[in-house]
Amino acid sequence: MRSVRLHPPGGIDALTADEIEVPQPGPGEALVRVHAAAITRDELDWPTDRLPAIVSYELSGVVEEVVGDVGDLAIGDDVFALTPFDRDGVAAEHAVVPAALLAPKPRGLSAVESAALPLAGLTAWQGLFVHGELQGNQRVLILGATGGVGHLATQLAKWRGAHVIGAASSGAAEFARELGAEQVLDPTAPFVGSIEPVDLVFDTMGGDAFARSADVLREGGRLVAVAEEPPQEIAERVHATYFVVEPDREQLVELARLANDGILRPAIDSVFPLEDARAAFDRVISTGKRGKVVIEVDHA
């Protein structure tokens with residue numbers, strides 16, 4: 001099968017399109033024919049201890065084979081998933097995935113859109129609702145409100161009924177409002193004095209804006225970050241959490257339901273064929289993106 005693998009010493013120049021054997025599923029696993037695989041900015045740094053490794057950890061596709069007890073999963077099911085980070089990725093014509101992580105593909109989304117949803121959508125869900133404990137009557141400041149994670153977090157927070165304030169560049173301000181932000185801030189401008197205190201800051205940017213955001217938290221508020229760990233000074237004075245997203249089928253089912261209802265839609269920046277993986281990763285690290293970069297493996 002065709003695949004995209006990262007070879008030593010790593011980095012974009014070490015990506016190659018390789019012909020390798022189709023993997024064989026074991027007990028509790030499924031073999032998925034991959035239609036699309038989305039990529040993430042920092043992921044080439046993740047598998048450095050097990051190269052060569054197939055890249056990408058989020059897919060949409062169709063089940064071709066199952067082994068053992070896989071619940072109600074069946075051959076022919078259209079599925080999507082975030083796969084574990086400690087094994088080979090899914091930018092290939094076939095991928096073996098733990099069956100417990102596969103969720104029914106959203107009916108209202110294309111294969112490319114479905115592949116773009118798992119990592120960013122789960123990160124947004126877990127940041128807002130698991131770690132952030134966001135409620136419908138609360139105020140949330142989302143840093144990077146139009147980014148890969150942020151544009152989904154903005155939609156989810158609006159759906160939950162929160163008052164959403166987005167930090168986004170001037171060129172993306174209108175997009176932030178379309179997503180559901182009721183107020184949009186320039187991330188380089190002062191936050192204090194521009195908005196009333198918030199119950200939750202969800203940071204997807206890091207940097208100076210992240211450091212300043214703690215000053216607009218109300219007493220007892222929460223700061224949740226995915227871009228970088230909170231500095232010691234911030235961690236000592238506010239409730240601050242840094243987390244790494246975890247695969248979760250039940251949460252994917254919820255995200256798919258919202259997508260089917262027209263409430264949630266991932267933005268697609270660009271789509272590349274499997275053979276152009278280097279160009280896809282060049283795009284991932286470039287500025288000015290709006291949405292996810294996706295590798296289309298097989299037209300579905």
Side-chain angles (χ1 to χ4, degrees), residues 119-246 248 251 254-255 258 263-267 290-291:
L119 190 147
L122 288 174
T123 301
W125 183 281
Q126 292 168 19
L128 292 174
F129 306 138
V130 178
H131 300 286
E133 303 177 9
L134 182 67
Q135 303 298 317
N137 60 348
Q138 294 183 328
R139 295 166 54 84
V140 57
L141 169 61
I142 299 174
L143 304 180
T146 60
V149 172
H151 84 285
L152 295 172
T154 302
Q155 295 175 68
L156 287 172
K158 181 67 175 178
W159 162 73
R160 179 55 60 96
H163 180 95
V164 184
I165 304 161
S169 65
S170 58
E174 184 56 36
F175 183 43
R177 294 187 182 92
E178 292 173 2
L179 293 169
E182 298 176 52
Q183 185 177 353
V184 182
L185 304 178
D186 182 335
T188 65
F191 295 153
V192 175
S194 298
I195 59 173
E196 296 295 319
V198 299
D199 300 279
L200 173 64
V201 172
F202 183 38
D203 171 62
T204 70
M205 295 175 56
D208 178 65
F210 172 42
R212 291 185 286 108
S213 67
D215 295 330
V216 294
L217 273 179
R218 67 163 179 81
E219 185 176 353
R222 300 168 301 284
L223 190 156
V224 177
V226 295
E228 63 183 58
E229 294 195 39
Q232 182 72 19
E233 180 271 331
I234 291 178
E236 289 176 350
R237 63 187 178 95
V238 302
H239 185 282
T241 302
Y242 169 81
F243 78 99
V244 175
V245 64
E246 296 183 1
D248 190 299
Q251 292 170 6
E254 285 299 308
L255 293 171
L258 293 175
I263 294 170
L264 185 69
R265 193 169 199 96
R290 183 168 293 182

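FYI, side chains are in, hydrogens and waters are out, and symmetry mates aren't considered; it's all heavy atoms of this structure.
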Going by atom type alone, with no hydrogens or angles, which donor-acceptor pairs under 3.5 Å involve a side-chain atom of residues 188-198 and a protein atom two or more places apart or on another chain?
| unit_1 | atom_1 | unit_2 | atom_2 | d |
| --- | --- | --- | --- | --- |
| T188 | OG1 | D186 | OD1 | 2.8 |
| T188 | OG1 | D186 | OD2 | 3.3 |
| S194 | OG | P190 | O | 2.9 |

Checking T123 side chain against V245 main chain: does a donor-acceptor pair fall under 3.5 Å? no
CG/D248 to CH2/W125 distance, rounded to the nearest 0.5 angstrom? 9.5 Å
When every non-hydrogen atom of A157 is compared with those of V140, the smallest separation belongs to CB-CG1, 4.0 Å
Would you say the side-chain atoms of T204 pair up with the backbone N or O of L143, donor to acceptor, closer than 3.5 Å? yes
Give the table of side-chain donor-acceptor pairs shorter than 3.5 Å for residues 170-179, with sequence neighbours excluded, one pair per line with atom names and distance.
none

Pairing residues for H163 by the ring-ring contact (aromatic ring centres under 6.0 Å, His included) criterion, not counting sequence neighbours: none
So CG of L152 and CG of L255: to nearest 0.5 Å the spacing works out to 8.0 Å
Which is it for V238 and V201 under the side-chain contact (heavy atoms from CB on, under 4.5 Å) test, yes or no, and what are the steps along the way? CA-CA 11 Å; V238 302; V201 172; over 6 Å; no
Is there a donor-acceptor contact under 3.5 Å linking the side chains of Q126 and E246? no
Could you walk me through whether V130 and F243 satisfy the side-chain contact (heavy atoms from CB on, under 4.5 Å) test, starting with their C-alpha distance in whole Å, then the side-chain angles of each, then the deciding distance to 0.1 Å, before giving a yes or no? CA-CA 11 Å; V130 178; F243 78 99; over 6 Å; no
Working to the nearest 0.5 Å, report the span between OG1 of T154 and CD1 of I142. 4.0 Å
Just verifying a value: how many Å separate L258 CG and Q155 CD, rounded to the nearest 0.5 Å? 9.5 Å
Short question: side chain of H131, backbone of T241 - any donor-acceptor pair under 3.5 Å? no
Separation of W159 CH2 from E254 CD (nearest 0.5 Å): 6.5 Å
Between CD on residue Q183 and CZ on residue R139, distance to nearest 0.5 Å: 7.0 Å
Salt-bridged, R222 to D199, with N to O below 4.0 Å? no
